[in-house]
Amino acid sequence: MIGNADFYGIGIRLGLYAQSLTTLLVTLFVQEEEGLNRILSLLLQLAIFAGTLLLTRTGEIHAFEVMIVFWLLVGALSSLTGDGLGGVGSFSGTCRLLFYIALSSYGCWFWFAGLDTMPEINCTQIVFFGGSTLDGWFRSFGKTIAILGLVVASGMLVWGVTVYIKRSRRNRRIRAHRPQTEITLMILSIAMVILSITSTEYVIRANHIGGVDDIFAVGQILAFLVGLLQFLNTLVPIFWKGRLWAPRCWLLFGRHLT
């Protein structure tokens with residue numbers, strides 16, 4: 001079948017993949033730019049999510065296409081590194097949590113009710129490796145992840161607001177320190193990027209979706225260039241300013257290794 005190139009075309013996919021890698025690199029090596037990077041990444045993610053909501057309302061989206069959106073946005077979790085779950089109390093961090101709350105809320109509706117109301121196709125809709133479909137264990141898994149995501153994101157939002165209020169009242173300056181990297185979260189972040197890319201491409205190929213691999217359309221080139229330039233701009237301070245070799249604290253389950 002012919003897919004929606006304006007929704008998950010090759011340029012948009014590559015742009016999101018580049019943003020996921022950029023987010024990971026920024027969090028590891030250029031932490032002072034995390035706020036700006038979150039906002040830039042959120043713009044494209046919000047555009048895709050808004051399109052999902054619009055197509056859902058008009059009944060023009062299939063269930064497996066919603067899964068493509070979910071897999072595309074999984075890569076955004078690649079910022080779970082650095083100082084643990086840092087940035088929760090910042091403006092950009094708050095916006096990101098609000099986005100995750102909205103996405104998780106949509107996920108709850110999708111897995112519990114919305115899935116059954118979407119238009120059907122004449123073939124099996126594959127949504128994960130091994131030919132997994134929307135029925136059986138994967139639907140139960142989706143319900144669990146959606147509820148867990150909503151609870152965690154809501155809890156982190158409340159915690160972040162509390163931390164921000166306490167800091168404002170104390171009016172204390174945060175001392176500069178060496179960059180910190182939690183190894184377990186770094187590995188999880190890398191795994192999220194790999195999962196996002198491989199799962200998205202697998203679902204598109206497994207469902208034999210055509211018309212979504214032409215990068216020379218205006219919308220595709222724009223999305224691709226935004227992600228690519230953001231990625232290249234991040235590489236400058238990493239390699240040319242020596243951030244790659246800068247001293248840092250390595251942590252494992254919160255314990256300092258260096």
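Note that these values count all heavy atoms, side chains included, but never hydrogens, waters or copies made by symmetry.
- In this structure, the side chain of Q230 does not engage the main chain of Q19 through any donor-acceptor pair within 3.5 Å.
- Scanning both residues, Y100 and A153, for their nearest heavy atoms gives CB-CB, 4.1 Å.
- Nearest approach of G107 to A146, heavy atoms of both residues: C-CB, 3.7 Å.
- Below 30°, between 30° and 60°, or above 60°: for H62 and F64 the angle between ring planes is below 30°, a parallel geometry.
- Residues F70 and F110 are in side-chain contact: their nearest non-hydrogen atoms beyond the backbone lie under 4.5 Å apart.
- Here the closest non-hydrogen pair linking R13 and Y8 is NH1-O, 2.9 Å.
- A distance-only check finds a donor-acceptor pair linking the side chain of T117 to the backbone of G114 [under 3.5 Å].
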Is there a side chain to side chain contact (heavy atoms under 4.5 Å, CB included) between V30 and I238? Walk through the geometry before answering. CA-CA 7 Å; V30 201; I238 293 177; 3.9 Å; yes
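- Residues V203 and I10 share a hydrophobic cluster, clusters being chains of Ile/Leu/Val/Met/Phe/Trp/Tyr side chains in contact below 4.5 Å.
- Between the CD1 atom in I197 and the CD1 atom in I194 there is a gap of 8.0 Å [rounded to 0.5 Å].
- No continuous path of hydrophobic side-chain contacts links V158 to L103 [ILVMFWY only; heavy atoms under 4.5 Å].
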With side chain to side chain contact (heavy atoms under 4.5 Å, CB included) as the test, would you mind laying out the steps for Q220 and D214 before giving the verdict? CA-CA 8 Å; Q220 303 300 315; D214 181 11; over 6 Å; no
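- Residues L21 and V226 do not share a hydrophobic cluster, defined by chaining ILVMFWY side chains whose heavy atoms lie under 4.5 Å apart.
- For the atom pair L55 CG and E65 CD, the distance stands at 8.0 Å (nearest 0.5 Å).
- Within 6.0 Å of CZ in R57 there are 12 or fewer heavy atoms belonging to other residues, nucleotides or ligands.
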Can you check side chain to side chain contact (heavy atoms under 4.5 Å, CB included) on T184 and L188, steps first, answer last? CA-CA 6 Å; T184 54; L188 177 61; over 6 Å; no
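- If you take CE on M67 and OG1 on T200, they are separated by 9.0 Å, rounding to the nearest 0.5 Å.
- Ring pair F128/W137 is perpendicular by interplanar angle, where above 60° counts as perpendicular and below 30° as parallel.
- Inter-residue side-chain proximity for R96 and L42 is flagged as met; some heavy-atom pair is nearer than 4.5 Å.
- No donor-acceptor pair closer than 3.5 Å links the side chain of S154 to the backbone N or O of V151.
- Across all their heavy atoms, P119 and G59 have their closest contact at CG-O, 3.6 Å.
- Side-chain contact between I48 and I12 is present, with heavy atoms from C-beta onward closer than 4.5 Å.
- For the atom pair W71 CH2 and I204 CD1, the distance stands at 13.0 Å (nearest 0.5 Å).
- The shortest side-chain heavy-atom distance between L16 and L44 falls under the 4.5 Å cut-off.
- The CG atom of L232 sits 10.0 Å away from the CG atom of L225 when rounded to the nearest 0.5 Å.
- Here the closest heavy-atom approach between residue G131 and residue I126 is recorded as CA-CG2, 3.8 Å.
- Looking only at side-chain heavy atoms (C-beta outward), I147 and F112 come within less than 4.5 Å of each other.
- In this structure, the side chain of Y202 does not engage the main chain of V127 through any donor-acceptor pair within 3.5 Å.
- No hydrogens or angles considered: a donor-acceptor pair under 3.5 Å links the side chains of E201 and Y17.
- Taking hydrophobic clusters as Ile, Leu, Val, Met, Phe, Trp and Tyr residues chained together by side-chain heavy-atom distances below 4.5 Å, L54 does not share a cluster with V69.
- Here the CG-OG distance, from L72 to S20, works out to 8.5 Å after rounding to the nearest 0.5 Å.
- Closest of all the heavy-atom pairs between G211 and A5 is O-CB, 3.4 Å.
- At most 12 heavy atoms of other shown residues, nucleotides or ligands fall within 6.0 angstrom of atom CZ in F141.
- There is a side-chain donor-acceptor pair under 3.5 Å between Y106 and T56.
- Contact annotation: the side chain of M118 approaches that of V66 to within less than 4.5 Å [non-hydrogen atoms, C-beta and beyond].
- Using a 4.5 Å heavy-atom cutoff, the side chains of I209 and I68 are in contact.
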Quick one, V212 with F7, criterion side chain to side chain contact (heavy atoms under 4.5 Å, CB included). Give me CA distance, side-chain angles, the key distance, then yes/no. CA-CA 9 Å; V212 293; F7 200 38; over 6 Å; no
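- Put simply, the side chain of L115 reaches to within 4.5 Å of the side chain of L134, judged on heavy atoms.
- If you chain together hydrophobic residues whose side chains sit under 4.5 Å apart, L229 and F216 never meet in one group.
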